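Keep in mind it's a predicted model, so treat the numbers as computed, not measured. A note on names: the letters A, B, ... follow the listed sequences, proteins ahead of strands, and every chain is numbered from 1.
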Amino acid sequence: MASISMTVNGREVSGDAEDRTLLVEFLRNNLGLTGTHVGCDTSQCGACVVHVDGEAVKSCTMLAAQAAGSAVTTIEGLAAGGELHPVQKAFHENHGLQCGFCTPGMIMAATDMIRRHGASLDEKTVREELEGNICRCTGYHNIVKSILAAANEMGGAQQAAE
Amino acid sequence: MGAEGIGARIARKEDKRFITGKGRYTDDMVVPGMKHAMFVRSPHAHAKINGIDKSAALAVPGVIDVLDGQQLTEDGIGSLICGWAITSKDGSPMNMGDWRPLATGKVRYVGDAVAIVVADTRAQAREGAEKVEVDYEELPSVTDSTAAIAEGAPQIHENAPGNQIFDWELGDSTTVDAALASAAHITEMDVVNNRLIPNAMEPRAALGHYNSAEDHYTCWTTSQNPHVARLVMSAFYNVAPENKLRVIAPDVGGGFGSKIYIYPEEIVCLWASKRTDVPVKWVADRTESFMCDAHGRDHVSNIKIAFDSENRITAIKVDTLANIGAYMSLFSSATPTYLYATLLSGQYNVANIHANVRTVYTNTAPVDAYRGAGRPEACYLIERAMETAARELGVDPAELRRKNFITEFPHQTPVIMAYDAGDFGASLDAAMQAADYSGFAARKAEAAGRGKLRGIGLSCYIEACGIAPSQAVGSLGAGVGLWESAEVRVNAVGTIEVLTGSHSHGQGHETTFAQLVADRLGVGIDTVSIVHGDTDKVQMGMGTYGSRSGAVGMSAISVALDRVEAKAKKIAAHLLEADEADIVIEGGELKVAGTDKTLPWFQMALAAYTAHNLPEGMEPGLKETAFFDPANFTFPAGCYICEVEVDPDTGVTDVIQFVAADDFGTIINPMIVEGQVHGGVAQGIGQALLEGCAYDPQSGQLLTASYMDYTMPRADDLPSIDVSTTKTESPSNPLGMKGCGEAGAIGSPPAVINAITDAIGNNDLTMPATPQAVWAAING
């Protein structure tokens, strides 16, 4: 048992957890942030993707202790000041979700994907980079559409700002 | 239709909680004092239990109790049942073996639950489960259906000799055999429909809470039909009487059939909560889901289609062996019979059909309905055989189908179903146009220039949905009625709550059901709330499966709305001093037709509740209920065309285009309907190319028990999907709806395999058509 401290969604948090506690368990059980989901045991499904120090990480592959001192963003922290993130908005407008279980991981992975590729993101790249996120409802069709729409909007916004 | 009414393509109301991490699934639920459970499961496919030693497990820190099947039996908890009785052709009842929620005496598949360990934390429960020592005496096992009915196969249940559950038939074999004897051509095929594992992304979970002070149970569970769960747990499993059992299915992360059934885990969690006097939560890990969720398909069939000299079908004869697994799951007997053989006429005018179905126990997970449930198996059989027949007869596959289409409705098939409406030519035309069918030869030649084998395949599917008239299914052996209920509550300020027995686990009911109300009353969808998934809130319901929530569930809402409108009009007529027949409801107002007299909707509602000035004798309030029982099934149908390129060097299949043209009748929200087709097609392409459950035939171990071993379709395995619709309305419900949830999974597998076999010129190909299988078929 150790006391672990980190920044989650902009807030300093700490909690006691066994050494074997995974980051996803710490987020869900210690902090009550249940938006991050567990869909498998083998780090395949991607329902647990969060951002650790700005990069997408499967929170089931990382011990909570490894994230000590890091800045973690979960799906609950993505919308800033009550305003939906463009990726969240795009998933809503393009029907990029059905049951919603894979959605937090999809959105967090997509946000990271767009950060890395910007407006140049194309369908082939999106499909390849979604390799680590499984959805059983949508056939990915509208998820791909959502991510491309968000990339377009975010890229366009960047250009306007420059 | 209005901006938010029927036909409006609007984004979903329920999305916000899911995209912000505020969805509430069973695993997210926390009850004060809650403890965690892990099941002890059989590592053997078939074994005798000679004893259970719990002492080491009970010594694990944090372990509260370890409970087994003998204790469960002592407490009077009943066995799991199959809810659809099938009678064999010799008149004998089906041989249903005993399924204890915790096994006693014998285990019959890898994953069979033997005991439950309750502990302070999940990790402690897991440690405890690992320390329960079960003394197993291994028995020979069998996982394959053909091997299970062979002479000398291991006997799985004492009351099912030779492992056979029933030997059932539908149709007239005499006329079929006569037609086969005089046929100009017969196409015959042996076809395997591969076994699948459903894999909803949310693993199953249950939280059982017994409140000893009130002698009352609450169960949060991942269910597609919480009311049926309560009914069955009360009436058959003796967990608690209905009035002392509340079942809540909160947000549920996909079902696809696998969350219809009442499994051992929710029963045992409720019982264990009473035994230990703490709330008990169990959440499946993914390997448990692979092992213990009801699997799908697993048919081995032979089909013969007879044609006359004009290429018209004269008869279809089918013989099928269906693997039911180790126990009969809730609707396992209906899937390979009344949901399967009744659809063997396909879209075609066939005078003579006979099907014989035998079902068999094996040492595998129970098999039950999975997206489509029987109808994909029928469609795959018919549509592969039609494509094969066209090749043998040297005619265009599209034209052979068109020639045999049913064109007049209603149409009575020889296998129970009476198709009520359809236009199969219209969907075939739409799909051929969208796929540029006539340009295929040029594309094939171009691909050949690049060294690729290009193929095109069709599938013209029909399914029976909206399941269905209670009296009809009752006469066929169903243990439940299949109506749906709705309650429409108009509040005093005019806002509306709709309580429905349907359950949404991805289908978007909170939006589409509100759209129906908006369409009828002219109010905004934000003033309408949909309530579902809680037996304490909704009186009764049959749940969501078989693409029934639109055709049956929304029809119940529609009938309740009729009653609300009738009363609202009476109130308005009274207040406006007009004739009731002159009142119209539109744009959120009640108007006197042909005048400028109006009454806002909320004022009418307020009047209903203040009751200061109501028509003579009228009761206050505005709340109406309806139970809708449809007159018939509905019959969604359509045409799918798949075009592939196969790399002859590697056997890799690339799906170049996939076109879906569906007739779903009335559509409420096209965006949601398209999403249903995308998802269904993805599951169908998954079945055709990637997915296959495998057991080791010697040990009975499940080989595909993780995402490392079972190939789920990923984004880069799938193409974008071209979706369009044609429309004939169903006359069997007031909205003209047919249902769209399963079509994609039903229609797509034969289209994919027909395309690959067209490309490679070898029809001997079994799903999943992995690169290895395709390469082998090319290189013979």
Under 3.5 Å donor-acceptor, [X] side chain and [Y] backbone:
| X | Y | result |
| --- | --- | --- |
| Asp41(A) | Thr287(B) | yes |
| Glu76(A) | Lys22(B) | no |
| His141(A) | Ile721(B) | yes |
| Arg127(A) | Leu718(B) | yes |
| Gln88(A) | Ile19(B) | yes |

For chain B, which of [options] has the most heavy-atom pairs under 4.5 Å?
| options | value |
| --- | --- |
| Gly77(A), Cys135(A), Ala47(A), Gly39(A) | Gly39(A) |
| Gly35(A), Cys45(A), Gly32(A), Gly139(A) | Gly139(A) |
| Lys145(A), Glu93(A), Glu131(A) | Glu131(A) |

Exercise. Sort by residue number and list every member of residues 506-514 of chain B having a non-hydrogen atom under 4.5 Å from chain A.
Key: Gly506(B)
Exercise. Check His678(B), Glu674(B), Arg12(B), Arg9(B) against His95(A) for a side chain to side chain contact (heavy atoms under 4.5 Å, CB included) and give me the one that passes.
Key: Arg12(B)
Measure distances from [X] to the heavy atoms of chain A and classify the residue's part below 4.5 Å as side chain, backbone, both or neither.
| X | answer |
| --- | --- |
| Asp251(B) | neither |
| Ile10(B) | neither |
| Val677(B) | neither |
| Met708(B) | both |
| Phe256(B) | side chain |

Quiz item: Do Glu18(A) and Thr121(B) meet the criterion of a side-chain donor-acceptor pair at a distance under 3.5 Å?
Solution: no
Quiz item: Are the ring centres of Tyr25(B) and His37(A) closer than 6.0 Å?
Solution: yes
Quiz item: If you count heavy-atom pairs under 4.5 Å with chain A, which of Asp27(B), Val283(B), Val252(B), Val681(B) comes out on top?
Solution: Asp27(B)
Quiz item: Of the listed residues (Ala284(B), Gly21(B), Ser706(B), Ala682(B)), which shares the most heavy-atom pairs with chain A below a 4.5 Å separation?
Solution: Gly21(B)
Quiz item: Can you list every pair that meets side-chain hydrogen bond (donor to acceptor under 3.5 Å, both in side chains) and has a residue in residues 48-66 of chain A, with sequence neighbours left out?
Solution: Asp53(A)-Ser70(A)
